[in-house]
Amino acid sequence: MRKYDYRKIESKWQEEWERNGTTGAEDDSSRRKFYVLNMFPYPSGAGLHVGHVESYAGADIIVRKRRMEGWNVLFPMGWDAFGLPAENYAIKSGVHPAESTAANIDNFRRQMKSLGFAYDWPRETNTSDPAYYRWTQWLFLLFYKNGLAYRDKAPVNWCDSCQTVLANEQVEGGACERCKNEVVQKDLEQWFLRITEFSDRLLDGLDGIDWPEKIKAMQRNWIGRSEGVEIVFRSERVRKSESEKDFSISVFTTRVDTLFGVSCVVLAPEHPLVKEIVTDEHRATVGEYVKQAQGKSELERTGTELDKTGVPTGATVKHPFTGEDIPVWIADYVLATYGTGAVMCVPAHDERDYGFAEKYGLEVKEVVVSDGESGKLEAGSGKIVGGGEGEKGRRGEMGQAFIEKGRLVDSGEFSGLTSEEAIDKMVEALASKKLGEKKVNYHLRDWLISRQRYWGPPIPIIYCDKCGEVPVPEKDLPVLLPDDVDFNPTGESPLTASKTFHDVKCPKCGGDARRESDTMDTFVDSSWYFLRYCSPHDGEHAFSSHDVARWCPVDLYIGGAEHAVLHLLYSRFFTMVLYDAGLIPFEEPFLKLINQGMVLGEGGEKMSKSKGNVINPDDVAAEHGADSLRMYEMFMGEFEDAKPWDTQGIVGVDRFLDKVWMTVHDVVHTERPEADDALDRLLHKTVRKVSEDIEAFKFNTAISAMMIFLNEWSKSATGGRETAGTFLKLLAPYAPHIAEELWHELGNEKSIALEEWPKWDEALTKDEVVTLVIQVNGKLRDSLEVAAGEDEERVKEMALANEKVKGYIEGKEVKRIVVIQDKIINIVV
RNA sequence: GCCCGGGUGGUGGAAUGGUAGACACGAGGGACUUAAAAUCCCUUAGCCGCAAGGCUGUGUGGGUUCGACUCCCACCCUGGGCACCA
């Protein structure tokens with residue numbers, strides 16, 4: 001049985017706060033601003049998840065405390081409302097995505113309000129609202145005008161089950177991140193955003209922002225900057241027939257120092273030179289191999305690990321230094337999309353090359369870079385031999401290639417140089433022959449934003465037979481999504497089915513034209529939503545530069561880590577583009593990022609429908625109240641760690657809140673004296689602990705401190721209205737409803753959310769009497785109660801006079817006494 | 001393979017060089033009650049001991065230090081991310 005009716009007081013105060021606009025940001029530039037943002041949710045049919053609650057409650061606590069401290073805080077919420085699930089639901093049920101999305105949003109909003117999150121509701125934003133996506137389209141045109149949006153035919157990722165192309169970032173291990181279906185490569189004409197132009201800025205910017213190292217590392221890896229050398233291998237071939245022309249192959253390598261170990265040059269099967277260079281003798285086998293490689297999915301090609309396949313082309317190229325003939329092969333372990341689509345194969349110094357060379361019995365050149373200890377590769381076998389003991393033997397066992405740097409051997413004029421020196425010298429030598437130069441490559445690809453689906457913002461482009469690609473004039477925005485469409489996916493956008501949409505007049509020449517029928521990736525919507533919140537009702541601009549300059553960048557961004565190389569990378573890219581366009585005065589959108597830890601099921605496994613271990617926050621709130629739910633999630637463990645749900649554990653928080661209720665009521669109804677010295681000191685300690693812990697996101701230990709205080713206070717006969725008021729202010733960010741109710745029962749009129757955050761007196765957080773631990777040789781033997789700040793000599797005397805201590809030091813020589821003031825004394829004998 | 005984390009009671013977790021296990025759950029015992037619920041009080045790392053007390057203990061093995069969960073080295077296990085990027 002609960003001690004109070006949380007249902008009644010929670011809904012009462014939620015209505016009251018909404019009526020009085022208690023939680024809004026103010027248009028007041030005289031106070032310090034603070035912009036806290038939760039990643040906005042996709043409003044799914046399943047409603048809010050306890051993981052959402054974790055994230056939102058953490059942000060809400062920070063926000064409420066900062067507001068009480070006098071900051072002008074912006075804390076908005078909105079909906080990432082476009083996306084596939086709504087469309088898939090429409091295919092199944094016939095309900096229009098706009099309709100199901102609106103219903104889901106209503107449910108999400110109801111849930112959020114029922115949990116008392118202090119969002120600035122008048123700023124609510126919905127990406128599927130024409131008033132929003134009009135500006136998403138406007139931003140696309142801005143990119144287009146600046147040469148940052150382009151259409152290109154390229155091999156792209158296609159998901160057959162979602163019936164659309166995907167960005168590289170949306171492919172996980174060769175499968176669609178959404179449906180886990182295998183992704184295939186297709187050559188299609190698609191729209192791209194030129195994110196690669198920002199590779200270095202996206203990389204460098206990471207150094208200046210306060211984000212988890214993990215996310216930064218993921219972005220660095222994803223951008224994948226790699227410095228190396230592009231080497232040109234020339235054919236200089238002796239022509240056997242007219243069809244055989246001279247050619248040259250560029251390869252990219254980060255290890256030009258191993259150039260004297262090259263066994264062959266390997267092209268990706270898709271490399272454009274393949275058809276040109278293959279000799280008549282090998283044309284059939286090469287053609288067969290290329291066909292077979294293209295039939296393989298990404299998953300098959302990358303899944304085979306070290307089992308390399310390939311075929312020779314019959315062609316040869318000249319080694320740039322020795323002039324030796326180097327055979328040219330094709331193999332599908334070489335990626336067409338990275339570097340030049342061709343590599344030099346150096347079996348002695350690269351494990352993949354080693355595997356390839358071994359399989360096909362290619363000539364394996366001996367080690368050309370050595371650490372001076374390792375043995376050489378045994379001619380022909382490729383095994384490292386003659387290593388001897390220790391280091392060398394170990395390396396031999398692990399086999400294969402020596403991939404570290406060292407000193408060059410058997411490398412002509414470069415022999416004897418270190419790898420680093422050799423790289424410089426070789427680049428110089430290659431450059432003078434025009435056979436090579438330094439080159440930087442990136443893993444990052446341009447962002448493919450076309451989607452062959454309905455429920456997204458239409459790409460504002462018109463194709464005219466006469467004028468070609470024509471951007472929709474700004475005055476004609478938004479390009480509205482039509483309603484007369486067939487949702488069943490056919491591989492073409494459902495928008496092509498709409499005649500009213502598809503057939504238009506060219507804005508330039510007035511002739512017959514057709515609209516681009518693809519929509520944009522929903523990640524485009526979410527790349528700028530944090531700007532829209534600053535002036536959500538602006539009908540003239542995507543955002544007001546004035547308001548954005550006031551509120552942005554976002555000071556604190558809280559959300560899941562799953563967006564590391566998606567939303568979090570794209571938003572940074574958008575921000576840089578808008579900065580360059582002179583529209584915003586900053587280059588990084590989110591100064592500090594915190595990832596909440598995942599809330600796991602009771603067994604410690606991920607919550608999932610199939611496991612049947614999903615906890616519904618509505619159920620928990622109905623049974624325990626919103627305050628208990630919020631507070632329990634904060635108490636479960638460290639905010640950033642994954643933690644399992646424990647249905648039994650929440651009663652601890654119930655009991656705590658009940659005890660708060662009883663204790664404050666006792667204060668209200670009896671004439672309790674104000675806190676005595678001991679309780680007052682504990683209160684000051686608690687104020688400090690809670691204040692500091694909130695700033696450090698250590699909500700669990702802040703709650704623990706409040707529990708400790710309450711346990712003492714409820715037992716004490718002292719601690720009146722003043723104590724109660726201070727305590728309730730500390731509690732208010734965590735459990736806003738009960739705090740508000742009791743605050744009013746104490747006789748206050750104004751909302752506790754508008755009160756001032758309590759301060760602590762540093763002197764009162766220190767005890768007058770401290771427990772001093774006595775150790776002998778580092779082992780705990782006894783303790784002393786002494787006045788704080790007691791003199792060191794005096795403490796030593798007391799310790800040596802201690803009866804227990806005497807027993808341990810009797811007959812031994814005291815070598816040293818270590819005294820740490822007010823903490824410990826260690827006697828070394 | 002590479003890059004981040006993490007390993008502490010029956011459980012969630014505290015403690016970032018100074019009394020390991022705060023706080024909470026669970027469990028055991030007691031009070032109140034005709035009874036139950038609720039509440040309150042006590043016990044709760046392990047081992048030895050009637051007790052006073054002692055010994056052991058933070059994944060494993062070493063090291064630094066008066067003192068190590070905390071710092072250093074090596075290893076084991078585990079969660080997550082990336083992965084034929086040349």
Side-chain angles (χ1 to χ4, degrees), chain A residues 1-3 172-174 212-218 220-222 224-226 228 251-256 258 266 301-308 331-335 337-346 349-353 355-356 403 441-444 561-562 564-565 597-598 600 602 604 606 632 635-638 640-653 655-656 658-659 662 698 700-708 710-711 714-715 771-783 804 815-829:
Chain A
M1 261 292 270
R2 298 299 296 276
K3 302 290 182 193
E172 289 177 349
E213 253 332 294
K214 182 184 163 169
I215 303 286
K216 287 193 191 183
M218 283 168 76
R220 284 191 190 105
N221 285 337
W222 189 258
R225 184 186 156 98
S226 168
V251 306
F252 175 73
T253 180
T254 56
R255 291 298 304 277
V256 68
T258 66
V266 190
R301 274 176 71 164
T302 58
T304 47
E305 292 293 324
L306 290 170
D307 186 28
K308 312 271 182 274
D332 67 4
Y333 80 92
V334 177
L335 304 175
T337 50
Y338 184 76
T340 60
V343 302
M344 62 179 200
C345 172
V346 185
H349 298 290
D350 183 281
E351 285 182 18
R352 296 155 300 182
D353 295 346
F356 184 66
I403 56 171
N441 263 315
Y442 299 88
H443 169 251
L444 186 68
E562 67 274 15
V565 294
M598 212 186 301
L600 304 169
E602 292 223 52
K606 225 173 177 169
Y632 173 59
F635 186 57
M636 284 196 302
E638 186 129 329
E640 293 175 84
D641 289 349
K643 50 228 157 231
W645 184 269
D646 177 10
T647 298
Q648 265 180 338
I650 193 168
V651 306
V653 175
R655 286 177 192 151
F656 167 75
D658 281 347
K659 198 184 255 188
M662 300 303 286
K698 291 166 80 173
N700 53 339
T701 48
I703 292 170
S704 152
M706 287 190 270
M707 287 174 167
I708 292 169
L710 180 67
N711 287 342
S714 63
K715 274 185 252 174
T771 305
L772 192 71
V773 169
I774 309 176
Q775 295 181 338
V776 178
N777 284 344
K779 281 192 187 290
L780 172 71
R781 293 307 177 191
D782 204 4
S783 60
K804 282 186 190 156
K815 282 191 192 155
R816 191 175 160 187
I817 302 176
V818 181
V819 180
I820 307 295
Q821 181 141 64
D822 296 347
K823 283 213 163 140
I824 214 158
I825 173 160
N826 191 11
I827 302 166
V828 186
V829 296

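Note that the structure is predicted; figures quoted are calculated from it, not measured. Order of the sequence lines fixes the chain letters, A, B, ..., with proteins taken first and strands second; residue numbering starts at 1 for each chain.
Between the C1' atoms of B/C77 and B/U39, the separation comes to 45 Å (whole Å). Comparing B/G57 with B/G46, their C1' atoms are spaced 8 Å from each other, to the whole Å. Across B/U70 and B/G6, the matching P atoms stand 13 Å from one another, rounded to whole Å. Nucleotides B/C3 and B/G21 are separated by 33 Å at their C1' atoms, to the nearest Å. Comparing B/U43 with B/G53, their P atoms sit 15 Å apart, to the nearest whole Å. Using atom C1' as the reference point in both B/U19 and B/G67, the two lie 12 Å apart (nearest Å).
Taking atom CZ on A/Arg255 and atom P on B/A86, their separation rounds to 12 Å, with Å as the unit. Atom CD of A/Glu351 and atom P of B/C2 are 9 Å apart (whole Å).
At a threshold of 4.0 angstrom between heavy atoms, the contacts of A/Arg220 with the nucleic acid are absent. Residue-level contact check: A/Ser783 touches neither bases nor backbone, having no heavy atom under 4.0 Å from any strand. Base engagement by A/Asn826 is indicated by at least one non-hydrogen atom pair under 4.0 Å involving a base atom.
The partner of B/U44, taking Watson-Crick or G-U wobble pairs whose two distances both stay under 3.5 Å, is B/G26. With both pairing distances under 3.5 Å, B/A86 is matched to nothing as a Watson-Crick or G-U wobble pair. Using the Watson-Crick or G-U wobble rule with both distances under 3.5 Å, B/A15 pairs with nothing in any strand shown. Look at B/G61: its Watson-Crick or wobble partner, with both distances under 3.5 angstrom, is B/C73.
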Just the table, please: protein N/O against nucleotides 14-16 of chain B N/O, every pair under 3.5 Å.
from	atom 1	to	atom 2	distance (Å)
B/A14	OP1	A/Glu638	OE1	3.3
B/A14	OP1	A/Asn700	ND2	2.9
B/A15	OP1	A/Lys698	NZ	3.2

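Contact annotation: A/Arg781 does not reach the phosphate of B/U19 (side-chain N/O to OP1 or OP2, under 4.0 Å).
For B/G54, the glycosidic angle deviates from 0 by more than 90°, giving an anti base.
Looking at A/Asp658, its side chain never comes within 3.5 Å of a backbone N or O of A/Arg2 through a donor-acceptor pair.
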